[in-house]
Amino acid sequence: MGRVAIQGVTKRFGDVTAVDHLTLEVADQEFLVLLGPSGCGKSTALRMIAGLDEPTEGVIEIGARVVNDVEAKDRDVAMVFQSYALYPHMSVRRNIEFPLRSRRVDRDERQQLVEEAAGMLGLDTLLDRKPAQLSGGQRQRVALARAIVRRPQVFLMDEPLSNLDAKLRVQTRAELVELHRRVTTTVIYVTHDQVEAMTMGDRIAILNDGLLQQVGPPQDVYERPTNLFVARFIGNPPMNTVTGKVVRADGDRHAVAVPGGEIAVKPEIGKALDRLALAEVVAGIRPEHLELGADGPIEATVSVVESLGHERHVFCRLTDGQPVIVRQQAAEAAPAEQTPARLTFDDANLHLFDPTTERRVEA
Ligand SMILES: Nc1ncnc2c1ncn2[C@@H]1O[C@H](COP(=O)(O)OP(=O)(O)O)[C@@H](O)[C@H]1O
Ligand SMILES: [Mg+2]
């Protein structure tokens with residue numbers, strides 16, 4: 001079984017703590033995406049699972065066994081890197097079967113496994129070519145096929161699509177998800193691209209500075225980010241965040257005073273603000289949840305309107321000059337640039353965060 005359990009795993013390089021007490025369990029056959037900005041410790045975490053780096057502290061289990069003392073080659077995992085390093089002098093077939101030869105798998109079985117993997121990845125007709133005769137996307141598929149022939153319990157993929165151009169990346173993204181459904185193997189997939197994470201993962205685990213921020217299904221993470229880092233990292237254009245004063249009017253009615261207006265807060269959230277004794281709070285609203293309306297509670301000015309064809313990004317400024325982005329569908333009426341506007345939204349879509357701890361304020 002391809003379950004992976006990481007318990008209290010830390011990796012230090014001198015004074016740098018690359019991974020800090022990471023605890024994470026990946027279920028058998030799950031597609032888990034490890035997401036975070038460059039330098040947050042994603043590759044280090046993956047390399048420790050692969051057995052290429054040794055944890056400073058903590059326990060790693062694959063299947064039912066602790067693998068801390070098991071060598072990389074005996075862990076039954078296959079890793080695909082961003083730089084997929086094919087052997088240039090070998091044909092595609094030889095490249096794919098390389099791990100089988102080094103395991104002394106016999107000729108007939110080798111041939112069958114190679115043809116199966118090549119078929120899955122659409123490489124059937126390219127088996128006699130050399131890597132130099134392939135496109136970047138085809139080369140990446142050869143690297144994947146070379147990992148698949150081993151039938152590992154766990155695939156570890158480190159930014160495998162980042163060398164592909166944008167169009168090919170989108171296509172290969174879908175192909176990888178399809179492939180995962182067919183091979184039913186556990187996948188741990190590293191990326192800094194939140195779109196890849198949202199579209200590919202059964203669950204996303206978000207890392208920042210070596211620390212795990214949140215783990216959950218993509219939609220949950222999107223709808224209920226646990227802190228400001230996650231709120232700003234997931235979603236494009238990013239969530240608008242504005243700091244305001246907590247206003248208490250006639251007993252238990254609460255609002256957040258932001259430049260140019262006040263945002264009403266639901267009573268149960270108001271209670272949470274009191275419980276935390278917050279004088280200020282960060283209000284977060286996603287661009288698609290903001291609307292331009294004649295009678296919204298917040299005064300603003302439209303600065304620039306960007307049209308993307310199917311949708312529009314309307315850049316506004318609050319009365320103090322802070323930028324705020326509104327996302328509109330193309331069918332909505334476009335506002336004129338350099339005109340006053342009022343912003344409105346449904347309070348179900350308001351996120352509030354403690355400005356000091358940056359944690360989400362929960363009812
Ligand atoms: N072999 C190493 N020696 C020293 N520092 C390293 C080494 N590998 C990674 N680091 C540091 O650990 C941190 C995390 O790196 P890495 O895991 O490669 O991040 P990511 O893959 O998320 O971009 C970075 O600060 C990086 O500089
Ligand atoms: Mg990396």
Side-chain angles (χ1 to χ4, degrees), residues 4-26 31-60 62 67-68 71-72 75 77-86 136 139-140 143-144 146-147 152 154-166 169 172-173 176 186-201 203-216 218 221 225-236 238 358:
V4 177
I6 301 159
Q7 288 150 15
V9 167
T10 294
K11 178 68 181 179
R12 280 187 280 272
F13 296 104
D15 329 332
V16 177
T17 304
V19 174
D20 199 349
H21 294 92
L22 178 64
T23 295
L24 182 64
E25 176 145 357
V26 186
F31 196 121
L32 180 106
V33 177
L34 205 51
L35 172 71
S38 174
C40 74
K42 306 180 294 295
S43 294
T44 305
L46 210 63
R47 291 173 56 82
M48 287 191 285
I49 299 168
L52 303 172
D53 270 341
E54 212 177 309
T56 313
E57 278 172 41
V59 176
I60 299 175
I62 298 176
V67 294
N68 287 54
E71 276 189 62
R75 289 195 184 190
V77 302
M79 188 143 166
V80 181
F81 298 93
Q82 174 183 345
S83 52
Y84 25 82
L86 301 177
R139 274 181 235 161
Q140 185 56 284
L144 284 168
R146 189 171 59 185
V154 183
F155 276 123
L156 304 173
M157 303 193 186
D158 194 351
E159 315 231 14
L161 306 185
S162 51
N163 282 349
L164 305 182
D165 65 46
R169 213 157 52 220
T172 314
R173 194 166 84 197
L176 269 179
T186 309
V187 177
I188 305 179
Y189 183 100
V190 159
T191 182
H192 65 273
D193 180 342
Q194 56 98 21
V195 178
E196 275 180 22
M198 287 295 294
T199 53
M200 298 176 85
R203 287 189 307 155
I204 306 179
I206 299 148
L207 273 184
N208 185 30
D209 249 349
L211 287 166
L212 184 65
Q213 307 288 307
Q214 183 168 6
V215 190
V221 173
T226 191
N227 60 30
L228 266 177
F229 176 81
V230 175
R232 289 173 175 148
F233 197 75
I234 303 255
N236 186 33
E358 303 204 338

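Atoms within each ligand, like the ligands themselves, are counted from 1 in listed order.
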Any idea which protein heavy atom is nearest [atom], and the distance to it?
atom: atom 12 (O) of ligand 1; result: Ala18 CB, 3.3 Å
atom: atom 19 (O) of ligand 1; result: Gly41 N, 3.2 Å
atom: atom 16 (P) of ligand 1; result: Thr44 OG1, 3.6 Å
atom: atom 20 (P) of ligand 1; result: Gly39 N, 3.4 Å
atom: atom 18 (O) of ligand 1; result: Ser43 CB, 3.8 Å
atom: atom 6 (C) of ligand 1; result: Phe13 CD1, 3.3 Å
atom: atom 25 (O) of ligand 1; result: Val16 CG1, 3.8 Å

Tell me whether Gly36 reaches ligand 1 (any heavy atom closer than 4.0 angstrom to a ligand atom). no

| Counting only heavy atoms on the protein side, is anything nearer than 4.0 Å to atom 27 (O) of ligand 1? | no

CD of Gln140 to CG of Leu176, rounded to nearest 0.5 Å, is 8.0 Å

Here the gap from Glu25 atom CD to Ile6 atom CD1, rounded to the nearest 0.5 Å, amounts to 9.5 Å

Quiz item: Can you tell me if an N/O/S atom from Ser43 lies under 2.8 Å from the Mg ion (ligand 2)?
Solution: yes

Donor-acceptor side-chain pairing of [X] and [Y] below 3.5 angstrom:
X: Gln7; Y: Thr23; result: no
X: Gln213; Y: Asn227; result: yes
X: Glu196; Y: Tyr189; result: yes

Looking only at heavy atoms, the pair that brings Ala197 and Pro218 closest together is O-CG, 4.2 Å

Q) So, is Cys40 polar-close to ligand 1, with some N/O to N/O distance under 3.5 Å? A) yes

| query | Given side chains that start at C-beta, do those of Ile188 and Val4 come closer than 4.5 Å, heavy atoms only? | reply | yes

Quick one: does any side-chain atom of Arg75 pair with a main-chain N or O of Val67 as donor and acceptor, under 3.5 Å?
yes

